[in-house]
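Take a look at the structure below.
FYI, side chains are in, hydrogens and waters are out, and symmetry mates aren't considered; it's all heavy atoms of this structure.
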Amino acid sequence: MSTHRNRLCQLTGSFLLIAAESTTASAGLLGGLLGTSNEDSSSQTALAEDYSEKGRFSEPFAEPTIIVDGEAVETDEKCITRADGMDECKPAAGTMALLKDGRLLYLNALEGTENVELSIVAEFGEVSVNDQTRVLSLDESDNPSWLKPSPLDAGANPDGNDSETLLNGTELDGLIDTADNTSKNDGALFCSDVIGLANGDVMAVGGTDYYSEPGIDGLPLGVAELEGIKNSRIFDEATNTWRQSGDMTYGRWYPSLVTLGNGDVFVASGVTKLLKPVYPDEPLNSGRNVVQTETYNPCAGVWTENPSTADRSLPLYPRMHLLPNGHVLYNAGGQAFNPFGQGYDQALWNIVASYNPATQRWNDIGYAGLPLRLDEVGLDQLSSTLNITNLSLDQIGSLLGDVLEAPSDLLESGAELGVSEDDLRMAIAGGMRGSTSSTMLPLKPNANGEYTDVELLTAGGVPSYALLTNPGGYLPTDQSRIDRITTNGDDIGYESRLTGSLNQPRWYGTNVLMPDGSVMVFSGGNRDGVVAPGLEGPIRTAERFDPETGTWTEMATGHRARTYHNTAVLMEDGRVMIAGHSPINTAYLTFVDLQDFGLAPYDGRDPSFEIYTPPYAMRDDRPEIQSAPRNLSIGDRFNIKVDQADQIDKALLIRRTVMTHVIDGDQRAIELVMERGNGNKLTLKMPDNHNVVPAGEYMLFVSKQTTEGRVPSISAPITVVNENLECMAPTQMAGDTTTADGIIESTLEIL
């Protein structure tokens, strides 16, 4: 049976009841087996009878009803036809976020594709509609329930979007487009990026305005355009409502967000018009993605455009990470429409670079995956110099001067590539990687308790083969590499190494960092499904990466095929929620299902969910956190109460996942410095700066080593507070006290 725990908080003179439900391995609807904790269990009796070293997927489950013509219809079908002949369908989780109370917010993707009869290119500007949102909850027996937020589509552009059409603002506006004929598809959440704010709310930035261009009102056919919108929308998890926040300067479709150490949010890339990126008012920006970056102040609710020194050409959904020195690293990964290319400056996407928020300037570091250090040979401003929107004669002169003064350094750096077999393998792994995760492995303190080094795992995806930069490849790779970044003030070191390969090449796999320190990859396909939708074979078998050995191991196999727009989110109990699959119509025409030929299902989106239970969650001897402070800040020392205190040797603080399109720009885990206290107490120390641990919602796991591997606890919720962000301070009182020696303790017991 599953055990389900409520947190009863006892405070002097008052009682505070906090719902912080934590579920162990699956039960009830999902059919998992777990016993209760037994501190004295041996390794043999600690394993459930149906223990599997590969883990297990639950049976799929989905929302039971569809609202059709104003009535709720209970059905196992994905879609039901309305009276007007159009299909109404259940939403799929193309975007998913773990809320601070353990529920899951998810957003639909490509809503309306089931109503395409001839060609998505010709029809989607008219049949598309704004995407729906849902909140999924599981009870103590894993029985699911659904809640519909208000407004259902998050409420952007109710009066229509001021679309940036070719004739926008002229007397001929609307003559060759359908941008103003409806507002039902002017504020789609699809292709926004999402991020968790410091107070636990979720913000969605950008999205899609659909119309036909060329197209004529009243005609069902044209050429679809997907325009990035400027909106920012915030989901309040306490009220289950969406509200509008400040608009960006630039419309962005497929942007990426990263929380900075001070709590601001940095946005980069995206495209304003996907299919016809022509902007008569800004011709220099035509033909490529948005190079301008912006920064959001969460207290003021406003975006500010950064200066031209912060401009950079990046792929869509660029893989970016906050480094311990406060810089934002671009790790040469993103979404690229291979093998045909997208931007005329796509070759620049191969270069790893860092953005310094203090100077608002990018510095090129090196060619991804290769020992070619651009910043060491005077080429740290190469990409900025080649960017026509921030062209500077002084910068050009400085760059040329540096190169001319040290030509031998540049040649020597390039010569290090060599031609050995290992170097050729590294060259194939080098450069921009499309449709791949970039996963930050757990941040570890050095001997002084400082966090300076970062390791990023990149596996699978579509390579550019180092020199084949535009266009890139089509077939995914099985190669896996780790990029190591060291920081010393503003100085950044960079080196790469290959790890063991995936067991099969994988496109669009979603990585999840697990509380035992491993990385799991779920779902995806064996071909790039954007090039020829419907022709990729699905990959249902998950794989596990062991950072200690550098090897990948095949794990359990899921029930449903999930290639494009799949999601995977770590839950509070250490299991993983798997969802998604919202494919583009087959070959950009209509849905033609070729499953009988071993290809991915293309009969519409998949609204189902599965829960993956890893082997450690099939044990009855998992450690338990019995009490922990609710709110913490940088530099805090704090006590937690645990069972099995003498066996616990690691504590991992993992940020709650908020992800879409294979990315979560804020994904991180921090290994905390640990001291042993008296009895069942452990004393832990928070990092000293918010560049390591930005404010927001986290889960604290402790773990022990066993003969079967590392076994983590169920998590305790932790809110990391930035004391300089008063607008984001927790509103809920926590039962925490401070001892005479400055150690924070919780007065709340977990029952």
Side-chain angles (χ1 to χ4, degrees), residues 164 193 195 205-206 228 230 232 245-252 254-272 277 279 281-316 318 320-323 325-330 334 343-345 348-349 351-365 374-375 378-402 489-492 665 691 694 724:
E164 296 190 17
D193 193 16
I195 199 165
V205 173
K230 303 174 182 178
S232 300
S245 189
D247 285 352
M248 297 178 291
T249 302
Y250 296 89
R252 300 178 189 266
Y254 272 40
S256 281
L257 304 169
V258 174
T259 299
L260 303 179
N262 65 358
D264 289 351
V265 177
F266 177 75
V267 66
S269 192
V271 66
T272 299
Y279 316 114
D281 294 341
E282 298 181 70
L284 292 180
N285 288 327
S286 297
R288 60 180 181 164
N289 298 337
V290 178
V291 298
Q292 291 80 8
T293 63
E294 304 180 53
T295 302
Y296 177 77
N297 182 320
C299 293
V302 251
W303 289 93
T304 301
E305 184 179 353
N306 298 318
S308 62
T309 54
D311 292 358
R312 188 174 186 87
S313 177
L314 295 166
L316 299 176
M320 300 192 302
H321 306 268
L322 179 68
L323 298 179
N325 64 352
H327 292 209
V328 175
L329 182 87
Y330 162 61
Y344 65 78
D345 52 4
L348 299 176
W349 301 350
I351 298 173
V352 173
S354 69
Y355 171 73
N356 186 342
T359 62
Q360 297 182 301
R361 180 183 296 273
W362 288 91
N363 286 314
D364 296 337
I365 296 173
L374 299 174
D375 57 344
L379 292 176
D380 56 304
Q381 292 295 302
L382 175 64
S383 294
S384 295
T385 303
L386 295 177
N387 179 20
I388 58 177
T389 61
N390 62 3
L391 198 62
S392 163
L393 291 177
D394 291 340
Q395 195 171 39
I396 292 174
S398 174
L399 179 75
L400 291 176
D402 288 339
D490 289 335
D491 294 333
I492 294 176
N691 296 324
N724 294 321

Side chain Asn325, main chain Gly489, donor-acceptor under 3.5 Å: yes
Minimum heavy-atom distance Glu294-Glu305, with the two atoms named: CG-CA, 4.0 Å
Closest non-hydrogen atom pair between Leu284 and Tyr344, with its separation: O-OH, 3.9 Å
Considering all heavy atoms, the nearest Asn285-Tyr250 contact: ND2-CE2, 4.4 Å
Minimum heavy-atom distance between Gly270 and Asn289, given as atom pair plus value: O-CB, 3.3 Å
Which atom of Thr259 lies closest to which atom of Pro694, heavy atoms considered: CG2-CB, 4.0 Å
side-chain contact (heavy atoms from CB on, under 4.5 Å) evaluation trace for Leu257 with Tyr296: CA-CA 10 Å; Leu257 304 169; Tyr296 177 77; over 6 Å; no
Non-hydrogen side-chain atoms of Ile492 and His327 separated by less than 4.5 Å: yes
Set of residues satisfying side-chain hydrogen bond (donor to acceptor under 3.5 Å, both in side chains) with respect to Asn297, sequence neighbours excluded: none
Donor-acceptor under 3.5 Å (Glu164 side chain, Tyr279 main chain): no
Sidechain-backbone polar pair: Asp264 side chain, Thr295 backbone, donor-acceptor under 3.5 Å: no
Exercise: identify the closest heavy-atom pair between Trp362 and Asp311: CD1-O, 3.6 Å
Reported CE-to-OG1 distance for the pair Met248 and Thr293, which is rounded to 0.5 angstrom: 12.0 Å
Point-to-point distance, once rounded to the nearest 0.5 Å, from CG of Asn363 to CG of Asp490: 8.5 Å
Pairwise distance CH2(Trp349) to CG(Leu316) - rounded to 0.5 angstrom: 6.0 Å
Expected output: side-chain Ser245 to main-chain Ser232 donor-acceptor under 3.5 Å: no
Note, Val290 side chain near Thr272 side chain (heavy atom, < 4.5 Å): yes
Verdict with supporting geometry, Leu329 and Val352, side-chain contact (heavy atoms from CB on, under 4.5 Å): CA-CA 7 Å; Leu329 182 87; Val352 173; 3.8 Å; yes
For Tyr330, the option from Ser354, Ser256, Pro315 that meets side chain to side chain contact (heavy atoms under 4.5 Å, CB included): Pro315
By side-chain contact (heavy atoms from CB on, under 4.5 Å) - contacts of Thr304 (at least two apart): none
Working for salt bridge (charged side-chain N to carboxylate O under 4.0 Å, His left out), residues Arg312 and Asp345: CA-CA 10 Å; Arg312 188 174 186 87; Asp345 52 4; over 6 Å; no
All side-chain contact (heavy atoms from CB on, under 4.5 Å) counterparts of Gln360, not counting sequence neighbours: Asn306, Pro307, Thr309, Tyr355
